[in-house]
Amino acid sequence: QARPDVFLSILPALLYYLDTAGDWVGLLTFGQVGLELAALTGSSQEIPRIQCALAWVHGQQGRYQEAEHALESGLAITHQIGDVIWQIELLGRYSQTVRRHGELSKAEEYFRQAFKLLGAIPERQTPYIRADLEYEMGKIARDRGDWKTAGHYFFTARSVFSIDEDSPLFN
């Protein structure tokens with residue numbers, strides 16, 4: 001129906017669905033269309049979310065250079081529009097991507113950058129976003145063979161994402 005606004009509003013759910021269904025070709029295709037529509041319509045606030053999804057798939061596929069390009073592009077937009085939450089999310093994804101590539105020191109640096117931004121987000125979201133970052137830090141410790149530190153991070157994250165909560169802020 002030539003409604004890019006409708007497409008962009010449902011795109012996040014579509015990208016999550018396609019990832020869950022394992023349709024990464026579809027995710028990459030729809031993500032690219034979303035980037036083009038966001039650029040054409042001036043909807044730059046949608047770009048970081050899309051780039052994060054694209055980077056996830058590229059990183060999973062071992063296409064680290066493409067993942068890093070998507071993350072750099074998304075981060076540039078978050079700085080322009082002042083979206084700290086997506087800056088943190090993209091830095092966390094960057095940490096994950098370079099960790100998978102074996103660059104553990106670089107992964108820690110991205111983690112530190114993201115962690116420094118926690119004070120600039122709504123207090124209600126801080127424990128969840130911190131736990132998400134700490135979970136990734138646990139993976140870095142695990143990859144270094146530091147099981148005690150990894151366990152500490154994993155248990156800390158697990159305590160925040162309780163299965164007993166009826167209406168969690170984050171899943």
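Between L18 and F30 there is a side-chain heavy-atom pair separated by less than 4.5 Å. You'll find the side chain of I121 stays beyond 4.5 Å of the side chain of Q87, heavy atoms only. At least one side-chain heavy atom of L27 sits less than 4.5 Å from a side-chain heavy atom of L54. Looking only at side-chain heavy atoms (C-beta outward), M137 and T149 stay at 4.5 Å or farther from each other. In this structure, the side chains of Q125 and R130 stay at 4.5 Å or more apart for every pair of heavy atoms. R100 has its side chain out of reach of D143: every pair of non-hydrogen atoms, C-beta onward, lies at least 4.5 Å apart.
Linking Ile, Leu, Val, Met, Phe, Trp and Tyr whenever their side-chain heavy atoms come within less than 4.5 Å leaves I140 and Y64 in two separate clusters. L133 and W56 end up in different hydrophobic clusters when Ile, Leu, Val, Met, Phe, Trp and Tyr side chains are linked at under 4.5 Å. I77 and L117 fall into different hydrophobic clusters, defined by Ile, Leu, Val, Met, Phe, Trp and Tyr side-chain heavy atoms under 4.5 Å apart, directly or through other members.
In terms of the ring pair (Phe, Tyr, Trp, His ring centres under 6.0 Å) criterion, residue partners of F111 (sequence neighbours excluded) are, by chain and number, F115.
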Under 3.5 Å, which donor-acceptor pairs link side chains of residues 43-52 to any protein atom two or more places apart or in another chain?
from : atom 1 : to  : atom 2 : distance (Å)
S43  : OG     : T41 : OG1    : 2.9
Q51  : NE2    : S73 : OG     : 3.1

Which atom pairs, one a donor and one an acceptor, fall under 3.5 Å between side chains of residues 78-86 and the rest of the protein, sequence neighbours left out?
from : atom 1 : to  : atom 2 : distance (Å)
T78  : OG1    : L75 : O      : 2.7
D83  : OD1    : I85 : N      : 3.3
D83  : OD1    : W86 : N      : 3.1

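In this structure, CZ in R99 is found 5.0 Å from NZ in K139, a value given to the nearest 0.5 Å. Separation of atoms OG1 (T97) and CD (E103) is listed at 10.5 Å; rounding is to 0.5 Å.
When L90, L91, V98 are each tested for a side chain to side chain contact (heavy atoms under 4.5 Å, CB included) with L71, only one passes: L90.
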Next on the checklist: Please determine whether side-chain contact (heavy atoms from CB on, under 4.5 Å) holds for the pair Y17 and D23, giving the CA-CA distance in whole Å, both sets of side-chain angles, and the decisive distance to 0.1 Å.
Outcome noted: CA-CA 9 Å; Y17 168 77; D23 184 358; over 6 Å; no
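Within 6.0 Å of CZ on R158 lie no more than 12 heavy atoms contributed by other residues, nucleotides or ligands.
Side-chain contact annotation: Y94 with Q113, donor-acceptor N/O pair under 3.5 Å absent. Looking at R93 and Q96, their side chains do bring a donor and an acceptor atom within 3.5 Å of each other.
Close placement of the Y135 and F154 rings is indicated, their centers lying within 6.0 Å of each other.
Ion pair K106/E109 not flagged as a salt bridge, since none of the NZ, NE, NH1 or NH2 atoms sits closer than 4.0 Å to an Asp/Glu carboxylate oxygen. Salt bridge R3/D5: present, at least one basic N to carboxylate O contact under 4.0 Å.
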